[in-house]
Amino acid sequence: MRHVPVVLDTDFDGARFGAACAAHGGRRLHYIALAPRPVDARHLPHEWRTQWPPCVPGQHRMVSRDGLVTLDVLIGEPDACLAQLSAQVDEAYLAWVPASVPVLARLMRDGARLQAVHLDEAQRAALQKNGFVFDENRLRAVFYARRGEHVPAVAPERHAIVIGAGVAGAAVCERLASRGWKVTLIERHAQAASEASGNLAGIFMPLPSKDDNIATRLVRAAYLYALRYWKRLGGIGAAIEGQQCGVLQLPRDGAHAQVQRHIAASGLYPPELARWLEVAEASAKLGAPAPDGAWWFAEGGWARPSSVCAAMLDACGTLLTRLFSTSALRLERGDGEWLVRDADGTLLAAAPTVILAAGTGALDFAQAASLPLDAVRGQVTHLQEGTLPGVPFVVCREAYMTPAHDGIVCVGASYDVDTDRSVRASSQQENLQKIASILHIPPFTAPLAGRTGFRCVATDRLPLAGALPDPGVPGRCENLRDVPRWPGLYGLLGFASRGLIWAPLAAELLACQLEGEPLPLEIQLAAALDPARFLLRERRRAS
């Protein structure tokens, strides 16, 4: 692990951020800033102004063009944001004293420096009680951890084996290679993106909800992170095949539309992220009746997953070794590393770290066989351009339709529980009926054409990103940290139908865990993705 200095600013200030960047010129810096009020990004340098997130709650990660500076901005109530931060801070600028000083102390590395704007005696005493030692200035302090509180981790060899070359596997290869890791990628097919990531188009958009629940917050974080990440790779429509053409999402019915109107009226979603269109505007945009209105996601669109995979793998450069047309079926642990073998027992690769990113194929390995993952069949229909009324953006309700590209319109996808890999007429007709209903056109037929893939779905419909649990080790578990884990074995699994946007953020989360860097998600959201959550629930019920 390489130590990257981490700075915490409890009230974002552009000048202060600029000075910190200048002081670390040519070296890596991780700057974390709370933003308790809207920030006028127009005064920031161009590379940050163009990445600045919409004013929606959550943690937003941005990276400089040269990759040296990472900026995390946490939007929301500042004490709540601080409590959800996972980082070890070297330097803190304190514009205000948190309601719970131990929360601040938890974030400080031994020997970290603190500078405050103003402190009264009670605040200074609270800081001193929690390990801060002030100098004669009385506004500057050094944090001294209690003995044994922080034990440096032993860094493993920075070499990982990734199994599975879909969007999940390709994303974690890129995120690790960007940090200098050597990566060996094993894929049973002859090329990347041959399973669920092989569809011609995947759509991307946010997911508004009335209560802004964990799933909604996770999708929003993944969506916004993916938009910034793809720009760094060269951009949708350039390095990545696709269009950021917008997505029009229609409600299921009138009752569902009323819920969406309440969400829109809450003010949580700025129009650049999500804008509610009433009936007349929605109908005019669609060119067909939209009797219940619609959401318009201006920055949404579609991308070809295989081109996203290619861009991510190409970005790895010489740090990536590809072992394709190679089936990894067995994992063995010995002498501090994992041995990956094929069906005949032949050794394919060895490394201290293995990441399973093969969808339900992960269940073929004994160490992951107990994970609650299912394969859900999805058939996409391919229509010749002109078969349907042309729409220059993505339209979706129970089904979706992409704009024509290379003469093909994609309509789908079915949601079936069987294992039939063929392209069948019944699923195609279901797709066509749904899109005909959306466009208010008569039922129609088309030549059988399309593709069938299988989504990997967890029982709680959230992805798995992190260290895999070892159910063979007995013991009572009260918290995620109590759950036994396989040493050096991780998973990026269960991305369901949102793998395109899930992959970059989940891969960044895992890379940060491996490197000991600040996490790109709030603690609560990272915990919701922890692969050990299922075993924890099971053992809590049994106790």
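Please read all numbers here as calculations on a predicted model, not as lab measurements. Sequence positions, counted from 1, serve as the residue numbers for this chain.
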Is a side-chain donor or acceptor of [X] paired with a backbone partner of [Y] at a separation under 3.5 angstrom?
| X | Y | answer |
| --- | --- | --- |
| N213 | T216 | yes |
| T10 | A95 | yes |
| E522 | L525 | no |
| S197 | V167 | yes |
| R533 | L529 | yes |
| H440 | P289 | yes |
| Q84 | I523 | yes |
| N479 | D482 | no |
| Q244 | G237 | no |

Contact summary for G293 and P251, nearest pair of heavy atoms
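What the structure gives for the nearest pair is O-CD, 3.1 Å.
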Under 3.5 Å, is there a donor-acceptor pair between the [X] and [Y] side chains?
| X | Y | result |
| --- | --- | --- |
| D9 | Y31 | yes |
| Q258 | H262 | no |
| H256 | D253 | no |
| R377 | S427 | yes |
| Y229 | E174 | yes |
| T70 | R28 | no |

Pairwise distance [atom1]([X]) to [atom2]([Y]) - rounded to 0.5 angstrom:
| X | Y | atom1 | atom2 | result |
| --- | --- | --- | --- | --- |
| S64 | L71 | OG | CG | 9.5 Å |
| D72 | R61 | CG | CZ | 4.0 Å |
| C410 | L200 | SG | CG | 4.5 Å |

In terms of side-chain geometry, is the basic nitrogen of [X] or [Y] positioned less than 4.0 Å from the acidic oxygen of its partner?
| X | Y | answer |
| --- | --- | --- |
| R485 | D530 | yes |
| D374 | R455 | no |
| D292 | R252 | no |
| K285 | E281 | no |
| D460 | R537 | yes |
| R539 | E478 | no |

Please tell me if the side chains of L94 and L8 come closer than 4.5 Å, counting only heavy atoms from C-beta onward.
no
Near-ring test W96/H118, centroid separation under 6.0 angstrom:
no
Are Y269 and W276 an aromatic pair by the rule of ring centers under 6.0 Å?
no
Which residue is it: W230, Y400, F297? I am looking for the one with a ring-ring contact (aromatic ring centres under 6.0 Å, His included) to F204.
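Testing each of W230, Y400, F297 against F204, the sole residue satisfying ring-ring contact (aromatic ring centres under 6.0 Å, His included) is W230.
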Answer yes or no for R109 and F143: cation-pi contact, defined as NZ/CZ to six-membered ring centre under 6.0 Å and angle to ring axis within 45°.
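That pair does not qualify as a cation-pi contact.
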What's the verdict on ring-ring contact (aromatic ring centres under 6.0 Å, His included) for W52 and H60, showing C-alpha distance, side-chain angles and the deciding distance?
CA-CA 9 Å; W52 201 260; H60 306 270; 8.8 Å; no
Quick one: do E398 and K434 satisfy salt bridge (charged side-chain N to carboxylate O under 4.0 Å, His left out)? Show the steps, please.
CA-CA 7 Å; E398 291 91 351; K434 288 178 179 178; over 6 Å; no
